[in-house]
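To start, the structure under review is shown below, and the notes come after it.
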Amino acid sequence: MITDARVLTAHFVPRDVEHRHEEIDRLSAALDPLLDGHPGENASLFGPTGAGKTCVARYTLRQLRERLPGLDAQYVNCWRDGSPFAVRRRLLDAVGDTTDVHRQSTAIDALRERFRAALDGPFVAVLDEVDQLSSTDLLYDLNATPEVTLVLIANREAELFADLDDRLDSRLRGGVTVHFDRYGVEECAAILRSRAERGLDPGAIDEEGLRTIADRSGGDARVAIDALRAAARAAERRGGDRITDADLADAVPTARSTIRERRLETLGEHQRAVYDAIRAAGEIEPGPLYEAYSDRVDDPRSRRMVRNYCAKLDQYGLIRAEGETRDRRYSVVEE
DNA sequence: CGTCCACTGGAAGCCGTGGCGC
DNA sequence: GCGCCACGGCTTCCAGTGGACG
């Protein structure tokens, strides 16, 4: 039934991006000056997960490079490569030789200098999940490099700009800002339809099935695409040649829990103990949480570290932190 | 009202690790 | 083999915030 599993992953960038033409146009307009050899305008893309930000950025960049094959550009996911060193190395990758850049023995300034020296024209740096960057110095530096056009992607605008000082702030705000909303059911169904056409046998899923998944995914295209794949797998396991209501029943929960499981697996022992302690309690305040966590591990980390863990779990969407100071409470996010 | 207290999150500094050049 | 360098993970310290309480 599945003819091309690659298409059924959220990270696949399709030939045509559904329902994001306006966003693509606005980002393209920012980058258009590059076609004449000038730097583009900086751009920022904001919106919830699964709203198509990364897809639009990658798609637009691909289009641009088809028209301008010599353009130097790099996409960096700051969640995976979050240190300034890692980002700089990835950027240098695009324009220079990094075979002699070994893990940690090359001074970070040297990377910057080599990057600058290797630039011989406009450069587009797409920084995805840029709010995960451990230091904003890098943004100032790239911003001050005339050849570099920045495309920044983040969930929430306020949180990204909160850390930036006025100079960078105003230059980024002065650039193009594109807001992404969650997809509606129709839009999400259209995305699934085109994925199904390319990744599944014809007739493997009907219109109603697509809408069911779209509706249950709450406008998150990533969940929806994962759910389509899960439903197709369920049908395959059954030996069926088309997706039925029974295959759809658990598709979205399965997709969500797969996404969550994947994230849980990346946690270390102590982070996991904090998560388990919160899960066991249902809802818990910071004091009791630290006690509960301490009981679960042999060599507990400091309270400060537990706060860092909680911040990370919150960013992962695994727990929710409510309340500000005295009335802070943590709870797990259920599927 | 002022004081105390619990908690947050930024900053600074420590340390073990690992690859490199000498 | 040794010192260097940057890293990530960690602790300690601290200013700020806001509810509780005398």
Side-chain angles (χ1 to χ4, degrees), chain A residues 76-93 96-117 127 129-142 154-169 263-278 281-333:
Chain A
V76 183
N77 185 313
C78 300
W79 181 268
R80 210 170 37 237
D81 295 308
S83 70
F85 185 86
V87 175
R88 283 190 200 281
R89 187 178 47 194
R90 297 266 294 130
L91 294 177
L92 181 58
D93 252 338
D97 180 15
T98 54
T99 50
D100 64 324
V101 177
H102 298 289
R103 285 222 311 121
Q104 279 141 6
S105 58
T106 308
I108 198 154
D109 289 345
L111 284 186
R112 187 179 63 217
E113 290 316 310
R114 284 176 55 177
F115 176 68
R116 289 193 167 182
L127 304 184
E129 309 206 43
V130 68
D131 44 341
Q132 299 301 319
L133 214 50
S134 60
S135 151
T136 52
D137 291 354
L138 179 70
L139 291 183
Y140 293 93
D141 193 58
L142 291 174
N155 284 351
R156 277 166 294 199
E157 181 169 5
E159 281 162 33
L160 175 61
F161 286 126
D163 296 339
L164 305 178
D165 87 14
D166 298 342
R167 260 183 47 240
L168 183 55
D169 189 324
R263 289 190 168 164
L264 281 176
E265 278 164 21
T266 68
L267 300 180
E269 178 198 351
H270 292 271
Q271 296 165 353
R272 184 61 193 247
V274 170
Y275 176 81
D276 288 342
I278 296 170
E283 191 177 72
I284 192 165
E285 288 155 38
L289 171 59
Y290 187 73
E291 299 302 314
Y293 151 77
S294 300
D295 288 343
R296 284 172 182 267
V297 294
D298 290 337
D299 182 20
R301 301 286 179 254
S302 66
R303 290 176 183 273
R304 182 68 186 89
M305 211 52 211
V306 169
R307 269 178 266 149
N308 285 346
Y309 295 154
C310 287
K312 182 163 184 174
L313 293 170
D314 190 22
Q315 284 177 340
Y316 269 57
L318 291 168
I319 67 165
R320 213 180 1 253
E322 285 168 304
E324 283 305 299
T325 52
R326 282 289 285 255
D327 51 344
R328 179 54 81 90
R329 277 169 215 284
Y330 298 105
S331 54
V332 297
V333 174

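Chain letters run A, B, ... following the sequence lines, proteins first and then strands; every chain starts at 1. All values reported here derive from a predicted model rather than from experimental measurement.
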Discussion item. Could you measure the distance from the CG atom of A/Leu92 to the CZ atom of A/Phe115? Nearest 0.5 Å is fine.
Written reply: 8.0 Å

Fill in: Flag side-chain contact, heavy atom, 4.5 Å: A/Leu127 against A/Leu139
yes

Worksheet item: So what does A/Arg326 touch, heavy atoms closer than 4.0 Å: a base, only the sugar-phosphate, or nothing?
Response: base

Response to the item:
The bend of the helix from B/dC1-C/dG22 to B/dC22-C/dG1, taken between the axes of its five terminal pairs at each end and rounded to 10°, is 20°

Worksheet item: Contact class for A/Tyr290 vs. all strands (heavy atom < 4.0 Å): base, sugar-phosphate, or nothing?
Response: nothing

Discussion item. On DNA chain B, compare the nucleotides closest to A/Arg304 and A/Gly287; which residue's is nearer the 5' end?
Written reply: A/Gly287

Worksheet item: Between A/Asp276 and A/Arg272, is there a side-chain N and carboxylate O pair less than 4.0 Å apart?
Response: yes

Review item, side-chain donor-acceptor pairs of residues 309-327 of chain A, under 3.5 Å, at least two apart:
from, atom 1, to, atom 2, distance (Å)
A/Tyr316, OH, A/Thr266, OG1, 3.4

Discussion item. Rounding to an integer number of Å, can you tell me how far A/Glu324 CD sits from C/dG18 P?
Written reply: 8 Å

Worksheet item: Does a side-chain N-to-carboxylate-O contact under 4.0 Å join A/Glu283 and A/Arg328?
Response: no

Fill in: Out of B/dT8, C/dT11, C/dT17, whichever nucleotide has its closest atom nearest the side chain of A/Thr325
C/dT17

Worksheet entry | Distance-minimising heavy-atom pair for A/Ala277 and A/Ala292 | CB-CB, 4.0 Å

